[in-house]
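Below you'll find the structure, written out as structure tokens, and then a few comments.
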Amino acid sequence: VIDVFNILSGELVHNIRMRENTICCITTANDYVYVGTLEGYVFAFPHDLKALQANEPPRYQFISENAIEGITATRKHVWVSHTRFMFFLNLESLRMEHQLTCSSHKVDFIGSLCLSEETNIVWSAHLGGSVISAWNAEEETHMYDINASQALLNVETGHNYQDHDAIMTCMTPALDTVWVGMATGH
């Protein structure tokens, strides 16, 4: 189920039933809300509440039998992360235009994706790890990786941290920085 609320009043204005689809991630861009599911689908719903209330069917694309871990959208594509792959979907049709295999970047599984509009960088977090990757949003190429566990070890001398202490739990870009939350509370 996707609930749509009015941000000024907190009132529920629409409810979208997603039969047999568990929502994993959601983003908005280009007059659409894009949704990734546990069952491997990507859906596109219009922002326009009248179209939603008219129950027009959403556009959708099946990606894989596994969960869509992350989703974001740029001016060119909807970016979708799934295991070791990054898929680039057409904004309108949701047809896959190309994909990247990310195993060469020391990636276990790509998790969340987020776009920093100020810097035009897409950030990807690696599930169960401490590495975040920067991607050029326009060229759709890998730029560099940041290993947040190295920063934790440099800041916290004298503590006996284990690998599981350096697991990322969340991230968000903010202006010209990226903020990373760690399992240790750092």
Side-chain angles (χ1 to χ4, degrees), residues 1-103 105 107-117 122-129 131-133 135 137 140 164 167-173 180-181 183:
V1 172
I2 299 174
D3 291 326
V4 181
F5 294 91
N6 180 300
I7 61 170
L8 299 177
S9 68
E11 175 186 339
L12 178 68
V13 294
H14 194 67
N15 181 281
I16 302 169
R17 301 255 182 240
M18 300 288 294
R19 290 186 202 117
E20 300 179 19
N21 277 284
T22 304
I23 309 306
C24 290
C25 47
I26 192 166
T27 193
T28 183
N30 309 312
D31 298 325
Y32 289 94
V33 175
Y34 299 98
V35 176
T37 72
L38 183 66
E39 295 73 20
Y41 286 90
V42 172
F43 291 86
F45 295 95
H47 282 178
D48 180 17
L49 207 50
K50 290 178 184 168
L52 279 177
Q53 292 168 337
N55 290 322
E56 294 178 16
R59 291 180 321 221
Y60 66 93
Q61 179 68 40
F62 178 72
I63 303 297
S64 171
E65 292 181 2
N66 295 309
I68 302 301
E69 302 292 347
I71 193 167
T72 194
T74 64
R75 289 185 291 263
K76 291 173 61 176
H77 289 109
V78 178
W79 293 47
V80 176
S81 64
H82 161 71
T83 62
R84 287 188 168 95
F85 299 97
M86 192 90 72
F87 299 102
F88 300 88
L89 310 181
N90 180 285
L91 289 168
E92 294 299 317
S93 69
L94 295 182
R95 282 191 309 268
M96 189 180 320
E97 294 193 349
H98 64 278
Q99 71 182 44
L100 293 174
T101 303
C102 300
S103 59
H105 300 296
V107 174
D108 292 328
F109 288 99
I110 302 170
S112 61
L113 296 172
C114 53
L115 172 66
S116 170
E117 292 182 15
V122 172
W123 293 96
S124 64
H126 307 296
L127 296 177
V131 176
I132 57 175
S133 294
W135 302 81
E140 299 173 343
H164 65 273
I167 293 174
M168 260 185 309
T169 56
C170 55
M171 70 166 177
T172 190
V180 179

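If you read the sequence from its start, that first residue is 1, and numbering goes on from there.
Residues V1 and N15 meet the side-chain proximity criterion, which asks for heavy atoms closer than 4.5 Å. A heavy-atom distance below 4.5 Å is not found between the side chains of I2 and F43. C25 places none of its side-chain heavy atoms less than 4.5 Å from the side chain of S112. Residues M18 and Y41 are not in side-chain contact: their nearest non-hydrogen atoms beyond the backbone lie 4.5 Å or more apart. Looking at I63 and L89, their side chains come closer than 4.5 Å, going by heavy atoms from C-beta outward. A heavy-atom distance below 4.5 Å is not found between the side chains of V35 and I71.
Every pair tested for salt bridge (Lys or Arg N to Asp or Glu O under 4.0 Å) that includes a residue from residues 15-25 fails, sequence neighbours excluded, so the list is empty.
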Side-chain donor-acceptor pairs of residues 91-98 under 3.5 Å, sequence neighbours excluded:
from	atom 1	to	atom 2	distance (Å)
S93	OG	N90	OD1	3.4
S93	OG	R95	N	3.1
E97	OE1	H77	NE2	2.5
E97	OE2	N90	ND2	2.8
H98	NE2	E140	OE1	2.9

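Taking a 6.0 Å sphere around CZ of F88, one finds it holds more than 12 heavy atoms contributed by other residues, nucleotides or ligands. No more than 12 heavy-atom neighbours from other residues, nucleotides or ligands sit within 6.0 angstrom of CD1 on I7.
In plain terms, the two heavy atoms of M171 and C114 that are nearest each other are CE-SG, 3.7 Å. Nearest heavy atoms, A29 versus Y34: O-CE1, 3.5 Å. When every heavy atom of A137 is checked against every heavy atom of L115, the shortest pair comes out as CB-CD1, 4.1 Å. Between C24 and L38, the shortest heavy-atom contact is SG-N, 3.2 Å.
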| Would L113 and M86 satisfy side-chain contact (heavy atoms from CB on, under 4.5 Å), going step by step from the backbone distance to the final call? | CA-CA 10 Å; L113 296 172; M86 192 90 72; 3.9 Å; yes

| task | Kindly determine whether W135 and L100 satisfy side-chain contact (heavy atoms from CB on, under 4.5 Å), including the steps that lead there. | result | CA-CA 12 Å; W135 302 81; L100 293 174; 3.6 Å; yes

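Residues forming a side chain to side chain donor-acceptor pair (under 3.5 Å) with S81 (at least two apart in sequence, or on another chain): none.
In this structure, N66 CG and F85 CZ are separated by 10.5 Å, a value rounded to the nearest 0.5 Å. Atom CG of N21 and atom CD1 of I16 lie 12.0 Å apart (nearest 0.5 Å). Note that the CD1 atom of I110 and the CD1 atom of I132 stand 13.5 Å from one another [nearest 0.5 Å]. The distance from atom CZ of R75 to atom CD of E117, rounded to the nearest 0.5 Å, is 8.5 Å.
No donor-acceptor distance shorter than 3.5 angstrom exists from the side chain of N30 to the backbone of Y32, with no hydrogens or angles considered. Within the 3.5 Å criterion, the main-chain N or O of V78 finds no donor-acceptor partner in the side chain of T74. Checked by atom type and distance alone, the side chain of E39 pairs as donor or acceptor with a backbone atom of T22 at under 3.5 Å.
A donor and an acceptor atom, one from each side chain of S116 and W123, are nowhere located under 3.5 Å apart.
Checked against a 6.0 Å centroid threshold, the rings of W79 and F87 do not count as neighbours.
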